[in-house]
Amino acid sequence: MDIIATILISLGIGLGVLVLFLIGFVILKTALFSPGQKKVQPRGFITVDGKSVAERLGLAVQFKTISDLDEEKIDANAFLGLHRLLQTLYPMVHDKLIVETVNQYSLLFTWQGKDPDLKPIMLISHLDVVPADEGEESGWTYPPFSGELAEGYVWGRGALDVKCGVIGILEAVEYLLKQDFQPERTVYLGFGHDEEVGGQHGAVAIAELLTSRGVKLGSLIDEGGSVIEGFLPKVDVPVALIGISEKGYLSLRLQVEVDGGHSSMPAQETAIGILSRAVSRLESHPMPAHLEVIEFIMSYLGSALPFKQRLLFANTWLLGGVLKKKLARSNLMNAIIRTTTAPTIINAGVKDNVLPSRAEAVVNFRILPGDDLRSVYETVLEKIDDERVRVYPFTGDTLLGASGWDPSFVADAESAYYLRLAHLVKEFFPGALVAPYLVLGATDSRHYQPVTANAFRFSPVQMDQSGIQSVHGINERLSYENCAKMVGFYIAYLQEIGCLPGEVDAFEEEEVLEPESDQDLLESEETPSDLDETDEELAQEEPEQIPDLPSTTDETEDASEATVEEAPEGLSEEPEPSEEPDPEPSQDDEEDEAPKGLKKLFKKKKKEE
């Protein structure tokens, strides 16, 4: 008995020591997680009259530049009227810069730099807006296309998304021209006219035009991130989010066809019932959650988190399951950790006593880097698991195209361009934390991947949650203070990024001679068994087909044609999506391994600024 007691005591002591070691290790990792960001020295910036800028922005808001997939439905007078307004407001820009109209409504400005050997930079925004309800019961405090100045704001559709970017950039360039400033680098300004419907005739055409001229940009800045109040729960510090990538997009049409009939004698399973179950399966079995992206973001912000939250992010190896469940309760955080599933349209039936023979639904997916069009499509088929439910692209015959695209390239958060931009943001927004970010929506910047690996998404405005909700909603508005900050920031950005020395580009080229696509990065993380095959052998493999879908893009689909001077007659075709058979269904969505290459896409390490 003494021996058994001794053994039990020894085991108890050993277990206690192990538990104490584990607790100490967890606390140590928490303490070391995400060192605090270095403070920057305050500096002065150009003082701007925000109300004066708001007045000019209000004039731009008055033009109903609503984009549409059907070019015939576009109000030409609205876009051309906005062009004339910009010419009136910014005469030196139109006199000193080369101005080109692309596909009738988009604009490309070229500001020649002093040194043509340096890589150019580009600032982009878009002229178009989404529709707004103009009825008396719409809920708008001021009419959505009035551009009203009231209560310290300019009100109207486009005030935030994103005519403010167009006005802010042109205000900055006009100011610098009046000061006889010329950047060292050539600066391009690109303003598309159809960003809200995909950018195929605007940004795509501009990017193709630059490509045809052999332009390679050092960096590009677009909308996407901003300075957000209340981004971190229980943290009062504002967070400046600089988008380095954006999620992919896919809309699928679910269709069920059965025999219709009289509602007095219904079949046991109707078209609506079958379709409803399919949609319910997709919602109740979401795509797997992955923590790599949010871990990467929090590696910059974790020092501001309360201890309990920091403990979770610092110890995902132990508490990852708990963290996933907590993050999934927030719509924002849930969208950062997974490919999201959102039923958006449903259509069936024409009369209350008639069983419809057809029912359709549209489900939209925002694709996390590491996933792709093919894997999402195959997962949808698995989860529905019903041959009566046909799954098609929402528009066209292929996944890649109008119905979807893969996640964008991931820009390097350790590049000189990012570090200089992050430093400038810290200087301009004192007290804000700065972090790279995954943009959840879609922007025009993804179309410029052929001409730059450094596409950053940041609008220099500070918003609370109500401001964020007004984008595409009611009472969209921008404060006079933000109008002033926006212009001041762009002035400083052009002065600094537009004059970066050539050594920056030399360093970038040493790091990577050509920008890699996300797919290249994914394929580069081979398992040991993969290493036996050569690149040549892999290239000779025949791609397998996605069920029910052709393997190439629709050759009958019209390409956008640039109508500017010597611009190319058509745009380059999208690459064909590679296709493979359906994988085996996952038994545990929450415990799936991270997509191959995701950790490489969002590296945890960061360089001190």
Side-chain angles (χ1 to χ4, degrees), residues 12-42 225 227-242 244-245 289-330 332-338 369-370 410 412-415 418-419 421-423 425-427 429-438 590-591 593-594 598-609:
I13 293 173
L15 182 60
V17 171
L18 181 61
V19 169
L20 289 174
F21 174 80
L22 181 62
I23 292 173
F25 183 71
V26 167
I27 292 174
L28 179 62
K29 282 184 65 69
T30 303
L32 297 176
F33 180 71
S34 182
Q37 295 188 8
K38 290 183 177 180
K39 294 183 179 180
V40 299
Q41 293 296 323
V227 183
I228 305 296
E229 299 170 7
F231 175 74
L232 297 174
K234 300 181 181 179
V235 176
D236 296 330
V237 179
V239 177
L241 300 170
I242 301 174
I244 60 171
S245 179
H290 303 291
L291 296 176
E292 282 73 17
V293 174
I294 192 66
E295 278 187 276
F296 175 74
I297 295 171
M298 289 304 169
S299 71
Y300 289 77
L301 304 177
S303 60
L305 294 174
F307 179 80
K308 289 183 179 179
Q309 293 182 38
R310 194 161 70 251
L311 183 144
L312 290 174
F313 283 106
N315 296 280
T316 54
W317 60 278
L318 179 65
L319 304 171
V322 175
L323 181 58
K324 286 178 182 179
K325 291 178 180 178
K326 284 184 174 293
L327 294 175
R329 295 171 191 162
S330 161
L332 172 61
M333 294 300 173
N334 184 61
I336 296 175
I337 65 173
R338 73 173 82 243
V410 180
D412 187 0
E414 297 177 2
S415 71
Y418 173 87
L419 295 174
L421 173 59
H423 189 80
V425 171
K426 282 185 180 181
E427 291 178 323
F429 296 92
L433 298 175
V434 180
Y437 180 63
L438 172 66
E590 289 297 333
E591 296 303 324
E593 292 183 2
L598 187 54
K599 289 184 179 180
K600 186 171 182 179
L601 294 178
F602 281 87
K603 298 173 289 186
K604 288 187 179 180
K605 63 180 180 179
K606 61 178 180 178
K607 185 177 293 183
E608 290 293 342
E609 297 178 52

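Nothing fancy with the numbering, it's 1 onward along the sequence.
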Hey, what do you get for NE2 (His290) to CD (Glu295), rounding to the nearest 0.5 Å?
-> 12.5 Å

Using a 4.5 Å cut-off on heavy atoms from C-beta on, say whether the side chain of Ile242 contacts that of Tyr300.
-> no

Kindly write out the residues that satisfy salt bridge (Lys or Arg N to Asp or Glu O under 4.0 Å) with Glu427, not counting sequence neighbours, or none if the list is empty.
-> Arg43, Arg420

Atom pair CD/NZ of Gln41 and Lys426 - distance to nearest 0.5 Å = 12.5 Å

Output for pair (Ile297 CD1, Leu291 CG), nearest 0.5 Å, gives 11.5 Å

Partners of Gln309 by side chain to side chain donor-acceptor pair (under 3.5 Å), sequence neighbours excluded?
-> none

Applying side chain to side chain contact (heavy atoms under 4.5 Å, CB included), run through Ile336 and Tyr437 and close with a yes or a no.
-> CA-CA 9 Å; Ile336 296 175; Tyr437 180 63; 4.1 Å; yes

Geometric class of the Phe25/Phe21 ring pair [parallel <30°, tilted 30-60°, perpendicular >60°] = parallel

Looking only at heavy atoms, what is the nearest atom pair of Val26 and Trp317, with distance?
-> CG2-CZ2, 4.1 Å

Just wondering, do Leu301 and Leu305 contact through their side chains at under 4.5 Å, heavy atoms?
-> no

Apply side chain to side chain contact (heavy atoms under 4.5 Å, CB included) to Ile13 and list each qualifying residue two or more places apart in sequence or on a separate chain.
-> Ile9, Val17

Run the numbers on Phe313 and Leu323 for side chain to side chain contact (heavy atoms under 4.5 Å, CB included), then give the verdict.
-> CA-CA 7 Å; Phe313 283 106; Leu323 181 58; 3.7 Å; yes

Residue pairs involving residues 18-32 (criterion side-chain hydrogen bond (donor to acceptor under 3.5 Å, both in side chains); sequence neighbours excluded) = Thr30-Asn315

With sequence neighbours left out, what residues match Ser330 under side chain to side chain contact (heavy atoms under 4.5 Å, CB included)?
-> Leu332, Met333

Using the test side chain to side chain contact (heavy atoms under 4.5 Å, CB included), find all partners of Ala240 that sit at least two apart in sequence or belong to another chain.
-> Val227, Val425, Val434, Phe458

For Gly302 and Phe33, work out which heavy atoms get closest and say how close.
-> CA-CE2, 3.9 Å

What distance separates Asn334 CG from Arg329 CZ, expressed to the nearest 0.5 Å?
-> 12.0 Å

Return a table of donor-acceptor pairs under 3.5 angstrom between the side chains of residues 231-238 and protein atoms on other chains or two or more places apart.
none

First locate atom CG of Leu311, then atom OG1 of Thr316, and finally report the distance between them rounded to the nearest 0.5 Å.
-> 11.0 Å

Shortest non-hydrogen separation from Tyr418 to Asp412 and the atoms involved | CB-O, 3.6 Å

Please list, chain by chain and in numerical order, all residues satisfying side chain to side chain contact (heavy atoms under 4.5 Å, CB included) with Leu20, sequence neighbours excluded.
-> none

Looking at CG of Leu32 and OG of Ser303, how far apart are the two atoms once the value is rounded to the nearest 0.5 Å?
-> 13.0 Å

